[in-house]
Amino acid sequence: MTAVYKAILNLVIAFFFVISLEGIARKITARIQRRIGPPWYQNFIDIFKALSKHPFSNGWIFDFGVLMALGGAIATAAIIPMGSTFWTPFPNTDNFFVIMYLFAVGSLGMAMGMVGSGSPWSAIGVSRALTQMLGYELPYLVVMSSVMYMYKTSSIHLLIEKQATNGWNLYVMPIGAIVAFISLIGMLGKKPFDIAVAPAEIASGPMAELSGKYMGLLQIMHAFSIFVEVGLFVDLFLGGGSLGWFLVKFIVVWVLATLISSVLPRFRIEQMLKFYWGVPLGLAFLNALFVLLGWTF
Amino acid sequence: MKERTMWEQIADSLRSRSLWMLHYCTGCGAMELPPTMTARFDMERFGVAPMATPRQADIMLITGYLNTKTLRRVIYTYEQMADPKYVIGFGSCTINGGIYFDSYSTINRLDYYIPVDVYIAGCMPRPEAILEAFNYLMEKIRKGEADGWKRYKENYEWYKQNQIRSLGEVYVHDEFHE
Amino acid sequence: MMVLLIVLPLIFAFLAAIKKSFSYPLLVTSTVVNVIIVLLLKTSVPSVHVLGGWKPPFGINLVLDDASYYAVLIANIVFFLVALFKETVGKYSTVLMVMLAAVNGFVLTGDLFNSFVFLEILTATGVILASKRENYYNAFKYLVLGSLAGSMYLLATIFTYTQVGSLNMAHASYFAISEKAIVVITILYLVGLGVEAKLFPLNGWVSGVYGGNDLSPLVMATAVSFAALYMMGRLFLTVFGGYALHILYVLALITIVAGELAALYQKNLLKTLAYSSIAQAGIVLAAISKSTEKMVSLAYFHLTNDVIAKFVLFLVATFLVYNYKNLNGVFKKHKVLGTAFTISSMSLIGFPLFAGFQSKLRMLMEMFKTSDYLFPAVLLFATVIELTYLVRWNVKLWFEDIEDESEVKGPALRATISIILAILLVGIFLAPNIILNPTTKVAKALLDSTSYINNVIASSMGGM
Amino acid sequence: MFTLLVALLIFSVVNYFISKASWRVGSIINALIGSYLIFQVFTIPKGTEVTIGKFLGETLALQWTNAGFYFSFVSLLVIVAVMFFAIKWLDSQKHPAAFNMFILMVTAGSLGVFMAKDLITLYIFWEIAVLSSMLIIPMGKKESRKAAVVYAVMSAVGTYMFLYGAFMIYSRYGTFSMPEIAKNLANDPSTSFKVAVVLLIAAAGIAKSGIFPLHTWLRIAHGNAPDAFSAVLSGQLVKLGSYVLMISVAVFPSLKIFANLKLYSGVPAPNYFLIALGAASIIIGTLMAIKQDDMKMLIAYSSVANGGYILVGIGTMDPLGFEGGVLHVFNHALAAAVIFMAFASVVYRTHTKKISELGGLIHKMPITYIAYLFAIISLAGIPPMSGFISKWMIYQALVRKGMFITAAIAFFGSIGSFLYVFRPLAGVFLGQLPRKYKDVKEVPPIMWIPMLVLVAISFVMGVWPFPILQPIENMRADFGIAPSFKIADAQNWLVRGFSGSWNPVIVFNLFITGFIVAYILYTLFPKPKKVDLLKPHKEEGAPINIYTSGEFIYTPELYHYNTKFYAGFERMYEKHPSWEKLLYMLAKFFHDVGEWIHGWFFRPSPSAYTFWLAMTILIIFWVRW
């Protein structure tokens, strides 16, 4: 039963913490651009406003897609260990690949629902998002396999425990951590990699047809996704830590990603692929080679 | 005016703090929006953000004159927005046709065709005026007075009549004749 | 009685020459009688018939042993089946009878010069058959090549005579021929017989003759081909005791590949089948050249399957080619013919459920047992190519959209015979021994030159 | 067992004549027979051995093994589903009677392959399956004629290499029986012989399951075969290839045979070679699938990629990798069968298989869409469908072995599969419905029920995979690949990896909980207003009511994104070298050689013949060997 409480805590933290962080990110970006920016709670207002509106529904698959997206994101967020074995809701199921693929349920649901809206912009956006996935996942998964190969486990709470004795992966395999961080930016869809949502060219891509509560629900889903993505990075490369430290590290990673993204323009889709399959993928393999040879710190 | 429930009041206050804007940039007024968004005036601090599609947007900004051809599209877009939705008429063109008042193809008063919640006078209005208009609209929303979308529903027949009168019926429906 | 096989058709042929309108009934009669005679002869295997009381090695003798009996049986049955088709035979009844006599004589004779004579008759009648449907140029090519081959054959026979002092095969086999002479003799025989046996590169005539009209392939690709390949075995295994077989082996392998590739290129159905039959002859020759009892037996087993399959294929193909302008999807109109065609071509490829599978697989296995890895590789490669064009044709004939709308009435007899033979192919797959037992005897008889000699010599001692 | 196979073969011919009278009766009988067979495979006790007879002095025998049971069961699931599907679907076909006959022959042939104890029996039934399937393929559209030839040739190349290998084995050990060969191979000192033999045997599997050098037939054959039969081709016949690959690495215990050839982390070099081929297939299959506009060819290429997964999994000979590879057989069989049946339904109604001509069919064929959706979820390896489990196991094995490049390729294939399965989803089912399909209807229940049943099986096995893992575990035990832990731990509801585990039930429950929470949130807030995407179809002169940048659009298909779906990505490799072209060049080469031979030896005038005759004599005299 405790697992359920922990899972609920996961979700609650994911909701309040991440949505606040999103607001903070807007504030940070604004400050970098010498603006005042919205208040940190702006995103809560946006979400609840969206939920309060009278939306349009483009057919049952549109509804179903949104529900599937949110459902998948909730399921994934509920599994993520928050920095330590104690805050691991399901120690038997916190397998890395399970999380990555369960995470894909949400993405698939979103992609399906959005294309189901009948808008070609959504289809273009989804096609871009999937291509981008092909880009960032590859180096990320290679780095992750070397991590799992090194510690002989793919269970995240065990990886955290191993890091407690061995040192953070950021130190043990700095190249891998850097590559994973670059992938993380792509995963978050932040600035150089916000190709899928490019509002100026493809009318915010997948979201083109989202109105009212659909928008709100997807924003919540997005918050859970961020929780999963950044949380995984913190767990796997920054050694997790107690709940407080976990959140602090979370903030650090998030702010860093925001800072980077706020000063960069957008890639084109091929540029993105060439970028990810160039240096980061090469470094990922290099990292794997180092791990194989035992050249880790 | 009907008494609002508590939920509606909360919702209205939320709506007033998060105005997503679709700017319909047909005329010269679009020029004034970049400074309003960027560092000098920064409208995001009021929670106003540009959006790409009518489905996501709360307010529609008509930034300049509308001729009969674009008006059809504005109405079409307006009807695609989710309730509650607000319209800001931007510049004198939307009020009385501005310097194009005697053109054969330009409409003079926007609120004959769609309900306008706030007009911004001037040719051109400065960003300060735009921000002022946003704040005024927020105030109206909070009070529950920005009810253009309800009026449009209630007086749909009237609006439709005006629209048809100015635009005329379209007899051939395909991509080349509209 | 053995001699009747040769004489009877000849007499009937002369009778037919007297009265033209009797020629077809006479052909049917002679083939029927011949088949009956062959079946009756079953009890008198092995036996030697001495012609005119001139005892071997001085006179001509006919040898009926297991090998020649089997060849005669196949040839006569083929002629009988061909004789059933009145329209196809047309005006060529007389020629067919002469040819039947020649084939029987060629197979049965124990005399080298006599075999040359029958070979020449065979070629001559073959040329006449080939010229059906104004196929003169191809017949002419065959004539030139055939007579050249005949002269080589004659030359070899003369050489043998100078060495052995006799024209009798048993004698030639019995006496040692000098090392120098046998090279010349075998090579000349190889070339002389190679033309009939479709050995590369002496087989240029095949496509023209097989692909030229509707009669010659039915006889030439089956009975004559069988006779020639039988003679190949008889000469090179029995008479010359395995000399020059390695040459035969190499040429046969080249024949396989060349035949299959040419067939792959070919766009004409009859010619494709003609080249395929070249390749099959190559397989048989390669197997014969291994000169082990099993391989030789399998060679003739394979040859039998090939003859049956080719008979069906040509039976169907000639009907189609000469009745339809465009062959796309014709089998939709002739389902039975189509089924027979498909079964036969599958048997040729060697798919399981059909006879060809038995012979090919056994051959492969035998080759591996004797650690010959080249022949299987060539055979399998050839099979892939064979499969390519046969499947292509099958698909084209069955499934393409019909373009030639004309509807020719289904030929009942053709359909019946082809489907019966096709079912026979399936039967051979299920019970291969009905063919394998006789062919094993064939192989034994061909390889066992001692008993062949003894037979003949005994006949010369004891008389008939 | 043998009587069963023979009865099937004989009845297939009988069924032809029944179907001639009424093909519907024939296909119903087929479906009933198939259902009976599924029941039957459970009743045959394991280890049953039946001697068929003697062939060439060797005893041919059938043996009912765990592997045979598993593969037969999977095959029958697919075939029976297609048989039911065909009851209605066949009315769009020209040769229903022949279809009924041949599909039963395919069944008999494949079952025979899975039951075979020795290589010759395997070969015989293999050829029966190939032959009968080869005769079904050209029943499709125009190109299917060529497809049949390509299929037959590619298959023959593999098969005859297999045969060559089988006879090499025979000439050395004097037996065809697989258990004995396995024993002999393990003790054979000659490395080169073993490598040659194993690779030759594997060649049949490579050709059949569409692994890299011989993968090109899948595109043309799957793409052009009669639509429902593509399901059998991809779901079942390709799995014959996987079975032979499994024989060549697992039944012939490669770890023991090549104990001195370990290349990298315990994987022997020949296995590594096969894995490399599998990896190449994953790359090619994925990249090519992404750019296909023909939906059937798209899934055909995806079959190439998934064949690669199976080979990579089995090739590692790691307990997890092996189980993953074998389980992937099941997953891919079901998913591909459902996808092809869904496409068959679409083609049945719309008569086109070009994604760029379709769209929005979800409004007209929602059940087909649901089936397709769940099938692609399984194919892309997303929980809670069973496709995830096998992918997970394969990844576990690859990571454990430290095979990073192969792992990267597997990841690439997996993410690539999201891309290519989404293309038909978006282009065919979602988006705007073209006007010409406004009267399209959902296919009748007899067509969608089989799809939904397969999807349901895949779904249940994704949530509770232990029933399907059990036979695989038995199989693995047969082949002596023992893990140090229990992979399928049904007591604790766990599927374990080399470390770390997961609980499919929890994952499913979480997802359901998430979905319910989302649904509750959804219902809490204002009800949506329905936008009718079909309005332009129903009402003359109504524009579509979605975001169009203010433009009025009356022709829905103009506002549908399905051409060059991944243009940005496709552009990156549009000038790729084509293996298919290379193979065609090879075919052309043989053709040209044939022309050359023809021109030089077979066509000339009599004088040239005389020349050749003289040359022959000269050469023979000269060389005389």
Side-chain angles (χ1 to χ4, degrees), chain C residues 140-141 143-145 148-149 152 183-184 187-188 190-191 194-195 200-207 246-247 250-251 258 260-266 275 342 346 351-353 357 361-362 364-365 367-369 371 373 376-377 380-381 383-385 387-388 391-392 394-396 398-401, chain D residues 9 55-56 58 95 120 123-128 130-131 134-135 137-140 142 144-146 148-149 151-153 156-157 160-161 163-164 167-168 170-171 587 590-598 600-610 612-613 615-617 620-621 623-625:
Chain C
F140 172 64
K141 288 204 273 191
L143 177 65
V144 172
L145 212 51
L148 265 174
M152 296 296 156
V183 171
V184 180
I187 288 173
L188 287 177
L190 190 63
V191 173
V195 172
F200 185 82
L202 312 170
N203 45 15
W205 58 275
V206 174
S207 65
H246 49 298
I247 300 178
V250 173
L251 282 181
E260 299 290 17
L261 286 174
L264 179 69
Y265 164 75
Q266 194 48 252
Y275 288 124
T342 306
M346 294 307 154
F351 272 116
L353 297 186
F357 169 79
L361 220 65
R362 279 158 200 265
L364 284 173
M365 187 141 159
M367 295 317 299
F368 274 102
K369 269 190 184 155
S371 355
Y373 297 112
L380 290 176
F381 171 73
T383 309
V384 171
I385 298 178
L387 178 134
T388 313
V391 169
R392 200 165 64 194
N394 269 299
V395 167
K396 182 179 159 71
W398 272 109
F399 294 105
E400 286 291 348
D401 299 324
Chain D
L9 281 178
F55 180 67
L56 310 137
E58 290 304 315
H95 311 276
I120 291 296
Y123 168 74
I124 292 174
F125 284 107
W126 177 279
E127 288 284 43
I128 291 174
V130 169
L131 179 61
M134 185 191 83
L135 291 171
I137 290 175
M139 294 176 191
K142 189 88 186 155
S144 65
R145 265 61 109 177
K146 196 177 161 205
V149 180
Y151 167 63
V153 173
V157 170
Y160 292 138
M161 282 167 91
L163 205 55
Y164 199 86
F167 280 119
M168 274 174 83
Y170 180 72
S171 68
F590 285 128
H591 192 263
D592 288 351
V593 174
E595 187 181 3
W596 184 82
I597 290 173
H598 190 254
W600 276 84
F601 296 101
F602 291 141
R603 209 175 37 192
S605 61
S607 53
Y609 290 151
T610 321
W612 284 118
L613 197 136
M615 284 306 289
T616 317
I617 297 175
I620 294 173
F621 267 113
V623 182
R624 234 190 286 157
W625 282 282

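Naming: A, B, ... by sequence-line order, numbering from 1 per chain.
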Find the distance between [atom1] ([X]) and [atom2] ([Y]) and round it off to the nearest 0.5 Å.
X	Y	atom1	atom2	value
D/F590	C/L264	CZ	CG	9.0 Å
C/L251	D/I620	CG	CD1	5.0 Å
D/R145	C/W398	CZ	CH2	13.5 Å
C/F200	D/W612	CZ	CH2	7.0 Å

Is it the side chain or the backbone of [X] that comes within 4.5 Å of chain C heavy atoms, both, or neither?
X	result
D/L613	both
D/I120	side chain
D/M134	side chain
D/S605	both
D/T610	both

Just give me the residue among [options] that pairs up with chain D most often, heavy atom to heavy atom, under 4.5 Å.
options	value
C/S371, C/A149, C/P352	C/P352
C/K369, C/M346, C/R362	C/R362
C/L361, C/N394, C/I385	C/L361

Taking C-beta and beyond as the side chain, do C/E260 and D/I597 meet within less than 4.5 Å on heavy atoms? no
With side chain to side chain contact (heavy atoms under 4.5 Å, CB included) as the test, would you mind laying out the steps for D/S144 and C/F399 before giving the verdict? CA-CA 9 Å; D/S144 65; C/F399 294 105; over 6 Å; no
Distance-minimising heavy-atom pair for [X] and [Y]:
X	Y	answer
C/V391	D/A148	CG1-O, 4.4 Å
C/P376	D/Y164	CB-CE1, 3.8 Å
C/F357	D/I124	CZ-CG1, 3.4 Å
D/I617	C/L188	CD1-CD2, 4.5 Å
C/Y265	D/G594	CB-C, 3.8 Å

Examine D/Y170 together with C/F368 and report whether their ring centres are nearer than 6.0 Å. no
Which one, D/F601, D/W126, D/F125, leads in non-hydrogen pairs under 4.5 Å with chain C? D/F601
Among D/H95, D/E595, D/H591, the residue with the most heavy-atom pairs under 4.5 Å to chain C is D/E595
Under 4.5 Å from a heavy atom of chain D, the part of [X] involved:
X	value
C/V184	both
C/A377	both
C/T388	both
C/M367	neither

Option from C/L190, C/I187, C/V195, C/L202 for which side chain to side chain contact (heavy atoms under 4.5 Å, CB included) with D/T616 holds: C/L202
Flag, side chain of D/Y609 to backbone of C/G204, donor-acceptor distance under 3.5 Å: yes
Considering residues at least two apart in sequence or located in another chain, which fulfil the side-chain contact (heavy atoms from CB on, under 4.5 Å) criterion with D/Y160? C/I349, C/L380, C/T383, C/V384, C/L387, D/Y123, D/E127, D/A156, D/L163
Residues which pass side-chain hydrogen bond (donor to acceptor under 3.5 Å, both in side chains) with D/H598, listed by chain and number, not counting sequence neighbours: C/Q266, C/Y275
Take D/K142 and C/E400 through the test side chain to side chain contact (heavy atoms under 4.5 Å, CB included) and record every step on the way to the result. CA-CA 7 Å; D/K142 189 88 186 155; C/E400 286 291 348; 2.9 Å; yes
